[in-house]
Amino acid sequence: MKGHLDKYPDYIKNGGKYQIPKDYYERLKYLFELPEKEGRKLAGEDYGLWKYVHEFFRDKDIAFSDIEPSVIDFRDAQRNVASKTISQEERRIKGHNQEKRERLYQKSQPSGKELYKASAVALAAEGGMAFCMGVYRKRKAGRRLSQFDGDDWKELGIDTAGASAKGGIRGAAVYGMSNFTATPAAVASAFVSAVFGVLAEAGRLKAGVINEEDFLIHSEIFCLDATVSAVSAVLGEVLIPIPVLGAVIGNVAGMVLYGIAKDTMTEEEQRIILQYNQGRIELGETLAQQYQHLMGQMEEETRKFGSLVDWAFSEETNVAFEGSVKLAEHCGVRQNKILKNKSDIDGYFLV
């Protein structure tokens, strides 16, 4: 380090750090932290080394924090054992990586707590939206809040309770389908919406309120609603990047908008809403294509990088040297910083 600092005095100022074998670092740290009173008690070579260490840090523009230990000892970096050391370190890194993967995998597993949370959030979202829309409809009809009577609040309570129950079931179903099966949250949310609608119509058919033809027509309408629900959920996941929550909130927003368009808007306004829905569908398709393209690029770059790493860590010295050069170039290291041949190596270490 002293010789290198003499030759390159701005190395530390430019952000450089020295890395030395782990056992040498521990010895250096011990001598550096040893108080003067204790250091002067040392004898012979130990005292001379202690004195030299303190003179080095006193005279050179370097702090102890500018030095860090490597993961191996000095003996492990010798030529006759370097290949074995690299293999052992590679196995250690792979083992550590596998342990980390397993921990993350276990952490990501679905749980009852998360199922309850998803159900509660969906319950609150749909129940709250139903209550607000109910109040809005009554206010639009000309009734003030102070004029609401017991029947009004009872109606609002029943609507809110029903929507909350549906929301809780929806949240639990979406969480279960998206975590325990290969179903995306957007599709699961749309499927649950369709099931609610068709089951309600089946109940009306059984009660004799509607006939079979009405049942089929209304079921088709609910399936159309489910399509809008799926598009809304996809948009919600894009704008709100939280699994399940984004799908549920996106579903509520899209269904309310579509419901208003069906019930109260003119043909021109409905055309605008339908055009907006079509734009959301096209946006989803565009994002899906971009995602596939980016994933392909990422996989190709990962494959290329993995090949270069295998090349750079080959047991054949010449092959590993050439591979390390290619790996450095691939990682963007400047050409004048890469040791490409024996002459470059001698110039860096011996001059």
Spell out, as yes or no, whether a donor-acceptor pair under 3.5 Å connects the side chain of D152 to the backbone of D149. yes
To the closest 0.5 Å, what do you measure between CD (Q335) and NZ (K340)? 3.5 Å
Might you work through the side-chain contact (heavy atoms from CB on, under 4.5 Å) test for N318 and E316, ending with a clear yes or no? CA-CA 6 Å; N318 292 334; E316 297 291 334; 5.9 Å; no
Testing the basics here: between A312 and L327, what is the closest heavy-atom pair and its distance to 0.1 Å? CB-CD2, 4.0 Å
Any side-chain heavy-atom pair of F305 and C331 under 4.5 Å: yes
Spell out, as yes or no, whether a donor-acceptor pair under 3.5 Å connects the side chain of N97 to the backbone of I93. no
Count the heavy atoms belonging to other residues, nucleotides or ligands that lie under 6.0 Å from CZ of F148, then report whether that count exceeds 12. yes
Atom pair OG (S164) and CD1 (I169), whose distance is rounded to the nearest 0.5 Å: 11.0 Å
Using a cut-off of 6.0 Å, state whether more than 12 heavy atoms not belonging to R144 lie near its atom CZ. no
Same cluster or not: I62 versus Y24, using hydrophobic residues (I, L, V, M, F, W, Y) connected whenever any side-chain heavy atoms lie under 4.5 Å apart? yes
Can any side-chain N or O of W311 pair as donor or acceptor with the backbone N or O of V319 at less than 3.5 Å? yes
Close side-chain approach of L42 to L34, heavy-atom, < 4.5 Å: yes
Is the shortest side-chain heavy-atom distance between I67 and K17 below 4.5 Å? no
What class does the angle between the rings of F57 and F64 fall in, given that below 30° is parallel, 30 to 60° is tilted and above 60° is perpendicular? tilted
Shortest non-hydrogen contact between V325 and L339, atoms and distance: CG2-O, 3.8 Å
Look at the side chain of R139 and the backbone N and O of R143, then say whether any donor-acceptor pair between them is shorter than 3.5 Å. yes
Heavy-atom distance under 4.5 Å between the side chains of Y52 and K2, does that happen here? yes
Pairwise side-chain contact, Q147 with K138, heavy-atom cut-off 4.5 Å (strictly under): no
Indicate, with yes or no, if F32 and I20 share a hydrophobic cluster defined by side-chain heavy-atom contacts under 4.5 Å among Ile, Leu, Val, Met, Phe, Trp and Tyr. yes
Side-chain heavy atoms of Q98 within contact of E102, under 4.5 Å: yes
Would you say that more than 12 heavy atoms from the other residues, nucleotides or ligands in this model lie under 6.0 Å from the CD of E45, or not? no
Would one find more than 12 heavy atoms of other residues, nucleotides or ligands at under 6.0 Å from atom OH of Y30? no
Donor-acceptor pair, distance only, cut-off 3.5 Å: does the side chain of E299 make one with the backbone of G296? no
For D23, is there any backbone N or O sitting under 3.5 Å from a side-chain donor or acceptor partner on D73? yes
I338 and A328 have their tightest heavy-atom pair at CD1-CB, 3.9 Å
Taking 4.0 angstrom as the limit, do K94 and E90 come out as a salt bridge? yes
Hydrophobic clusters here meaning ILVMFWY residues chained together by side-chain heavy-atom distances under 4.5 Å, can you tell me if L145 and M133 are in one? no
Below 30° counts as parallel, above 60° as perpendicular, anything between as tilted: where do the rings of W50 and H54 land? tilted
Y18 vs Y11 aromatic rings, parallel, tilted or perpendicular, using cut-offs 30° and 60°? tilted
Counting only N and O atoms by type, is there a donor-acceptor contact under 3.5 Å from the side chain of N14 to the main-chain atoms of D10? yes
Min side-chain heavy-atom separation W153-L156 under 4.5 Å: yes
Would you compute the distance between atom CD of E285 and atom CD of Q290 and round it to the nearest 0.5 angstrom? 12.5 Å
One should read off an interatomic distance between L28 CG and L49 CG, to the nearest 0.5 angstrom, of 8.5 Å
Side-chain donor/acceptor of Q78 to backbone N/O of F74, under 3.5 Å: yes
Begin with the C-alpha distance, continue with both residues' side-chain angles, and end with the deciding distance and a verdict on salt bridge (Lys or Arg N to Asp or Glu O under 4.0 Å) for R27 and D46. CA-CA 11 Å; R27 179 63 173 167; D46 289 338; 3.2 Å; yes
Below 4.0 angstrom, N of the basic side chain to O of the carboxylate: do K60 and D6 qualify? yes
If you measure from CD on E329 to OG on S324, what distance do you get to the nearest 0.5 Å? 9.5 Å
Is the closest side-chain heavy-atom distance between K84 and E315 below 4.5 Å? no
Please say yes or no: joined through hydrophobic side-chain contacts below 4.5 Å, possibly via intermediate residues, are Y116 and Y175 part of one cluster? no
Minimum heavy-atom distance between S314 and A320, given as atom pair plus value: O-CB, 3.4 Å
Closest non-hydrogen atom pair, P21 against S70: CA-OG, 3.4 Å
Kindly say whether A172 contributes a backbone atom to a donor-acceptor pair with the side chain of S119 at under 3.5 angstrom? no
Spell out, yes or no, whether V71 and F313 are grouped together once hydrophobic residues are joined by side-chain heavy atoms under 4.5 Å, including indirect joins. no
When rounded to the nearest 0.5 Å, the distance separating CG of D61 from CG of D66 is 8.5 Å
Tell me the closest heavy-atom pair linking K22 and P69, and the distance in Å. CA-CB, 4.2 Å
Between E300 and R303 (salt bridge meaning N to carboxylate O under 4.0 Å), is one present in this structure? yes
